[in-house]
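Step one of this worksheet: look at the structure below.
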Amino acid sequence: MEKIQDALTRIVGAENVCGDPKVLSEYSQDKSFAPGLPPRCAVRVHNAGEVGAVVKWANETRTPLVSVSSQAPHYKGDTAPGVPEAVIVDLSGMKKILSINRKYRMAVIEPGVTYGELLKALAGEGLTLSVPLATRAGKSVVASVLETEPRLNALHQWCDLDPLRCVEVTWGDGNRMFTGEAGGSVMDLEQQWKEDKWQWEPAGPMMLDFYRLLTGAQGTMGIVTWASVRCEIMPQAHKAYIVPARKLEDLVDFAYNVLRLRFSDEFFIMNNTQMAYLMADKAGEVDGLKEQLPPWMAVVGIAGREILPEERVAAQEADISEIAQNCGLKMPEAVGGISAEAVLRKAARPGGDASWKEIYKGAFQDIFFSTTLDQTPKFIQAMGSLSSQEGYPVCDVGVYLQPENMGASYHCSFTLPYRADCASETGKTRELFVKASMMFSRMGAYYFRPYGIWSRLQLNKDAQGYQVLQRLKGIFDPNGIMNPGKLCNY
Amino acid sequence: MALSREIYQAFEAVVGARNISEDIGICESYRAIPCQTSDHRGPFKQKTPLPQAVILPGSTKEVQGIVRLCNKYGIQFKASTTFWSVMGYIGSDYSVQLDMRRMRRIEIDPKNMYAVVEPYAIGAVVQAEAMKYGLNINIPGVGCSSSVAASTAGWVGFGPQTIFMGAATENMLAAEWVLPDGEVLRTGSLGAGSGWFCGDGPGPSTRAILRAKQGTAGSMGICTRVAVRLHPWPGPAYIPSRGMAPAYKANLPDNFKAYTLCFPSWDAYAEGLNLLHQAEILYLGHRQFTMFGRDIKTAMIKILNDPDGQLSDLEGYVNDPELKKANEDMKIDIQVIIAGMTPRDTEYKEKALDRVLEMVGGWKSEFMMDPEIKDWVLMYLLRMGHKNLNYVMCGGYEGNFGLSGNVFVSSSVMEEASALKKKWEDEHDYIAQVGGDSDMGSITIMGGGGSTGWEFFTHFDSYEKESVEGTAEFFNATQEWMNQKKLGLDMGKWNQSARRPDGYYFSQEEQDEMFSKLAQPLVAYYQYRVREAFNPNNLCGSYYRTLSKV
């Protein structure tokens with residue numbers, strides 16, 4: 001232990017090396033059902049040079065590294081060490097916003113920058129960023145885009161990986177490079193900016209798409225020390241509506257028709273349970289809210305930006321309202337005592353330190369995957385049946401459907417709240433989680449972001465794809481030091 | 001080295017005797033001259049090598065069988081579809097050419113808005129099928145007679161509609177791919193048996209090895225099926241037309257508007273384009289007709305709108321004062337199309353377009369608003385079926401300059417680049433004299449705007465040695481100018497690192513020499529490692545740029 005601390009101290013300084021068991025225990029386990037192990041120690045790094053030196057040392061000593069950028073708590077199991085003796089590489093102190101460019105709608109940020117920090121800085125420049133649903137205050141933007149978290153505005157996602165563009169990465173073998181457009185020029189951001197290059201184009205820079213090896217990788221390929229993200233012009237006019245429905249199938253047609261015409265900005269679907277979890281300020285409000293709300297709701301945001309903002313909102317408001325009418329639906333600004341504006345405000349802004357899904361019972365487990373919208377009713381029906389069969393209250397299952405990649409696919413998410421201090425409830429939820437995950441896999445769910453047990457369920461379905469991943473892992477992390485134990489330890 | 005009977009018969013057993021040939025006449029037709037390929041070398045020096053055989057597979061299984069045999073016998077291979085340019089042809093003597101024309105099936109999922117296409121499904125057919133469902137496809141600059149799979153999976157794939165639809169790399173969903181070692185990879189949701197809707201993941205994307213900013217031009221195996229995202233088409237189930245060939249005009253409803261936007265300066269142009277990127281109102285944006293040249297574009301438009309028009313009419317039109325005036329009006333211009341999804345949407349987009357013009361002092365060309373011309377433009381740009389016109393001036397063309405994707409940078413040097421080209425036009429007779437500026441290209445190369453894609457069309461006679469070689473000299477001069485301006489590689493030399501002047505692939509030693517000089521050589525080094533992992537017998541040539549050591 002002494003030797004490890006000495007070596008790491010030489011790289012990052014004693015004040016940035018932590019061996020305190022109490023602190024380390026916080027890294028060892030997150031709030032998911034995924035198992036974790038205590039790390040050997042944790043180092044706080046502050047620049048790419050330190051990251052490179054730590055990775056070099058880890059290769060020499062064959063030490064597992066687990067990179068963490070977001071502030072605790074964590075919920076998906078990807079940052080809890082999967083093997084013993086790991087060193088946590090804590091990037092949360094890398095908090096520089098390196099550049100914001102209004103003209104090109106680009107920002108370059110370090111991994112410790114949170115949504116709250118970035119959105120505030122962007123607002124100062126008249127920009128914003130499409131965000132995941134009510135993200136945590138301490139969530140790293142870089143981690144979020146690398147995890148390909150779904151965004152509220154799928155129509156600004158030109159591929160599954162938007163708004164991520166270029167990155168600086170130190171691969172598992174210790175080599176550092178820029179990806180995308182930034183990889184085609186001198187490895188110096190300042191110099192690139194002088195040449196009016198703003199890390200726009202994500203792919204390549206040649207025929208190997210480096211950034212696609214990092215997205216969804218759960219830190220198993222390399223460590224990203226900056227990323228560029230595509231921003232949006234801050235809306236000057238912004239309205240929100242809720243389209244209530246008795247059954248999901250009515251909203252399915254509505255959603256297809258709206259997104260097909262490229263109408264709306266924010267767009268998502270929830271059942272009343274999930275909406276109650278989102279909007280309640282305390283646990284006691286949840287049941288009452290649920291009662292007041294319709295069974296299903298589509299939330300529709302319409303934004304007008306620089307060019308004739310009010311006119312854009314008015315035109316789309318009328319057109320989407322007509323689509324709703326044609327589907328036998330209405331599009332009010334409030335329903336069941338909650339206003340669409342309040343929903344959007346909560347959905348599109350970072351919340352507290354912990355997830356809002358904890359509010360009802362103190363703990364929760366999500367199950368999520370990608371599918372097409374027309375497939376979602378069958379998954380929801382199956383989840384209802386299984387919950388009932390397993391003795392989990394069906395009325396507690398929150399459902400959230402978020403279009404991704406211009407609506408080509410949908411993030412289908414189930415939230416299962418439980419009381420962590422109740423062993424039987426925890427056990428029952430864990431069992432439901434496992435059984436439901438397996439059931440969905442059999443039904444054709446695509447675990448696009450395969451955390452925890454989903455990685456085995458998903459990767460085992462495609463031997464050839466898994467072998468390709470193994471060969472790639474062998475190239476970029478030949479000693480297998482980057483977050484081993486994740487993604488089937490490929 | 002001819003294929004032995006054993007090997008030929010092995011290939012024949014895979015595809016059947018009707019679908020393989022070593023007939024010299026047939027094989028000879030699968031050779032190309034390495035010019036007009038972003039790699040201007042001229043036809044008088046060399047052709048690509050003669051293939052040992054031409055093979056036409058009809059299924060993924062047959063493709064896999066061929067690739068396995070190539071690995072067994074150490075034979076290089078290259079698959080191509082519509083053979084747009086030299087990058088589709090082999091580059092070594094002991095090679096077979098795969099012609100994918102038997103694989104042309106199309107399946108459309110209208111609800112989830114994607115098409116699954118085989119390699120020989122061309123843009124025109126996929127578009128026609130998609131329109132039946134109120135959908136459309138991004139047809140890149142290569143035009144509608146080219147393969148959708150080739151541009152989506154194999155090359156760059158941006159075009160006039162990229163502003164609304166995204167580029168090929170963005171539209172590519174799941175794919176089925178025979179890797180160079182003969183294994184079949186199914187990316188994203190397809191590998192999981194969940195359908196074609198997602199090309200990424202699970203976890204890190206295996207798709208990373210198949211294409212990035214540009215595809216691999218057949219140097220990382222063979223794409224056998226790919227899902228391509230489709231986009232809304234707010235028009236009829238086909239494009240109704242009137243007129244006579246080649247001057248067909250589209251009879252589209254009023255929600256389709258075609259304009260040529262004109263700007264008082266290049267600064268205003270750059271600012272205007274940036275605003276159009278942000279405004280989300282365009283269905284299409286392309287600087288198209290300046291490809292004929294600043295001084296003659298309106299004359300060419302007149303000729304092309306007349307079914308009896310001839311190039312011999314050019315002189316008369318060029319001297320027509322009205323057309324001269326229109327040319328001057330359209331000196332700094334771009335063509336755009338608005339396609340309103342509803343009457344309100346059309347009205348809003350029209351107003352927003354006018355507002356953008358007002359903000360930068362721009363205007364709409366009156367000449368281009370003539371209903372006959374407007375409807376011809378709609379047909380031209382929505383269909384992208386006029387690719388033959390690239391060649392109409394002199395029989396050959398090549399894009400050069402390329403400039404920068406950043407429109408603020410490229411527009412700031414546009415006049416200087418035009419002046420350089422004009423000087424060469426005036427002083428030499430081997431490139432067409434069109435007024436210098438022949439810059440054309442897409443308002444963006446990425447969905448929603450951002451980087452742009454430009455090239456100057458240089459028209460030359462591809463059957464006259466002096467013209468071909470003189471054009472090469474001109475490109476040397478423009479590259480020198482690009483170097484001085486720190487603008488990177490001239491587009492006329494873009495592919496010079498992929499194939500030697502004699503039409504053959506580069507050796508690894510030659511590639512090492514080139515790519516060790518990259519600003520970030522690790523890019524080509526990792527590509528080498530990936531090639532070694534997935535193409536251990538190095539059977540697919542040097543379009544996959546590699547550096548063996550750093």
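Just so we're clear, the structure is a prediction, and the values are computed from it rather than from any experiment. First the proteins, then the strands, lettered A, B, ... as listed; each starts at 1.
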Among the listed options A:Phe263, A:Trp454, A:Tyr447, the residue most often paired with chain B at heavy-atom distances under 4.5 Å: A:Phe263
Side chain, backbone, both or neither of A:Leu146 within contact of chain B (heavy atoms, under 4.5 Å): neither
Validation row: A:Arg105, B:His277 side chains within 4.5 angstrom (heavy atoms): yes
Among A:Pro205, A:Ala463, A:Gly304, residue most engaged with chain B (heavy-atom pairs, under 4.5 Å): A:Pro205
B:Met220 side chain reached by A:Met207 side chain, heavy atoms, under 4.5 Å: no
Contacting region of B:Phe515 [heavy-atom separation from chain A under 4.5 Å]: side chain
Chain B contact via A:Trp198 - which portion, at a heavy-atom distance below 4.5 Å: side chain
Pair B:Asn112-A:Tyr256, side-chain donor/acceptor within less than 3.5 Å: yes
Toward chain A, the part of B:Leu518 with a non-hydrogen atom under 4.5 Å: side chain
Option in A:Arg449, A:Arg305, A:Lys103, A:Gln218 with maximal non-hydrogen atom pairs under 4.5 Å from chain B: A:Lys103
Heavy atoms of other groups near A:Arg471 CZ, more than 12 under 6.0 Å: yes
Option in A:Leu259, A:Thr148, A:Thr371, A:Val186 with maximal non-hydrogen atom pairs under 4.5 Å from chain B: A:Thr371
Between B:Tyr114, B:Phe408, B:Tyr525, the one whose heavy-atom pairs under 4.5 Å with chain A are most numerous: B:Phe408
Most chain A-contacting option - heavy-atom pairs closer than 4.5 Å, from B:Asp109, B:Leu185, B:Asn171, B:Thr169: B:Leu185
Side chain to side chain donor-acceptor pair (under 3.5 Å) partner of B:Arg344, chosen from A:Glu311, A:Glu322, A:Gln316: A:Glu322
Interchain contact, B:Pro521 with chain A, by part (heavy-atom threshold 4.5 Å): neither
Candidate pair A:Asp319 and B:Tyr348, rule side chain to side chain donor-acceptor pair (under 3.5 Å), full reasoning: CA-CA 12 Å; A:Asp319 280 334; B:Tyr348 163 71; over 6 Å; no
Expected output: side-chain A:Asp209 to main-chain B:Arg207 donor-acceptor under 3.5 Å: no
Winner by heavy-atom pair count (cut-off under 4.5 Å) against chain A, out of B:Gly449, B:Ala217, B:Gly488: B:Gly449
A:Arg312 side chain to B:Ala352 backbone, donor-acceptor under 3.5 Å: no
Heavy-atom pair count under 4.5 Å with chain B, highest-scoring of A:Pro202, A:Pro450, A:Gly184, A:Ala314: A:Pro450
Heavy-atom proximity to chain A below 4.5 Å, by part of B:Arg211: backbone
Among the listed options B:Ala519, B:Gly447, B:Gly191, B:Ser194, the residue most often paired with chain A at heavy-atom distances under 4.5 Å: B:Gly447
Criterion side chain to side chain donor-acceptor pair (under 3.5 Å) on A:Asn175 and B:Tyr526, from CA distance to verdict: CA-CA 10 Å; A:Asn175 283 323; B:Tyr526 280 123; 3.1 Å; yes
From CA spacing to verdict: side chain to side chain contact (heavy atoms under 4.5 Å, CB included), B:Lys111, A:Thr372: CA-CA 9 Å; B:Lys111 192 168 256 194; A:Thr372 50; over 6 Å; no
Heavy-atom contact with chain A under 4.5 Å, split by part of B:Val550: neither
A:Leu261 and B:Asp345, any side-chain heavy atoms less than 4.5 Å apart: no
Residue part contacting chain A, namely of B:Lys351, when any heavy atom lies under 4.5 Å: both
Residue, of A:Arg176, A:Lys197, A:Arg212, that accumulates the most heavy atom pairs under 4.5 Å with chain B: A:Arg212
Within-4.5 Å side-chain heavy-atom neighbours: A:Gln467 and B:Glu183: no
Audit row: B:Val523, A:Met177, side chain to side chain contact (heavy atoms under 4.5 Å, CB included) steps and yes/no: CA-CA 8 Å; B:Val523 170; A:Met177 62 178 280; 3.8 Å; yes
Worked check of side chain to side chain contact (heavy atoms under 4.5 Å, CB included) between A:Leu472 and B:Phe534: CA-CA 10 Å; A:Leu472 289 167; B:Phe534 297 99; 4.0 Å; yes
B:Ile445 versus chain A, the contacting section by heavy-atom distance below 4.5 Å: side chain
Any donor-acceptor pair under 3.5 Å from A:Glu306 side chain to B:Leu275 backbone: no
Which atoms of B:Met359 approach chain A - backbone, side chain, both or neither, heavy atom under 4.5 Å: side chain
Contacting region of B:Tyr544 [heavy-atom separation from chain A under 4.5 Å]: both
Any side-chain heavy-atom pair of A:Leu487 and B:Pro204 under 4.5 Å: yes
Note, B:Ile281 side chain near A:Ile307 side chain (heavy atom, < 4.5 Å): no
A:Trp158 backbone acceptor or donor facing B:Arg229 side chain under 3.5 Å: yes
Heavy-atom pairs under 4.5 Å with chain A, option from B:Arg529, B:Gln527, B:Gln214 with the top count: B:Gln527
Residue B:Leu230 versus chain A: region with a heavy atom under 4.5 Å: neither
B:Asp354 portion near chain A, given a 4.5 angstrom heavy-atom threshold: neither
Side chain to side chain, B:Pro202 and A:Leu459, heavy atoms closer than 4.5 Å: yes
Nearest non-hydrogen partners of B:Pro110 and A:Arg260, listed with the distance: O-NH1, 3.2 Å
Test item: A:Thr215 and B:Asp200 side chains (from C-beta on) under 4.5 Å apart, heavy atoms: no
More than 12 heavy atoms of other groups within 6.0 Å of B:Lys213 NZ: no
Max heavy-atom pair count under 4.5 Å with chain A, selected residue of B:Leu522, B:Asn406, B:Thr342: B:Asn406
Step-by-step side chain to side chain contact (heavy atoms under 4.5 Å, CB included) determination, B:Glu170 to A:Met406: CA-CA 11 Å; B:Glu170 295 164 312; A:Met406 307 200 97; over 6 Å; no
Residue part contacting chain A, namely of B:Glu280, when any heavy atom lies under 4.5 Å: side chain
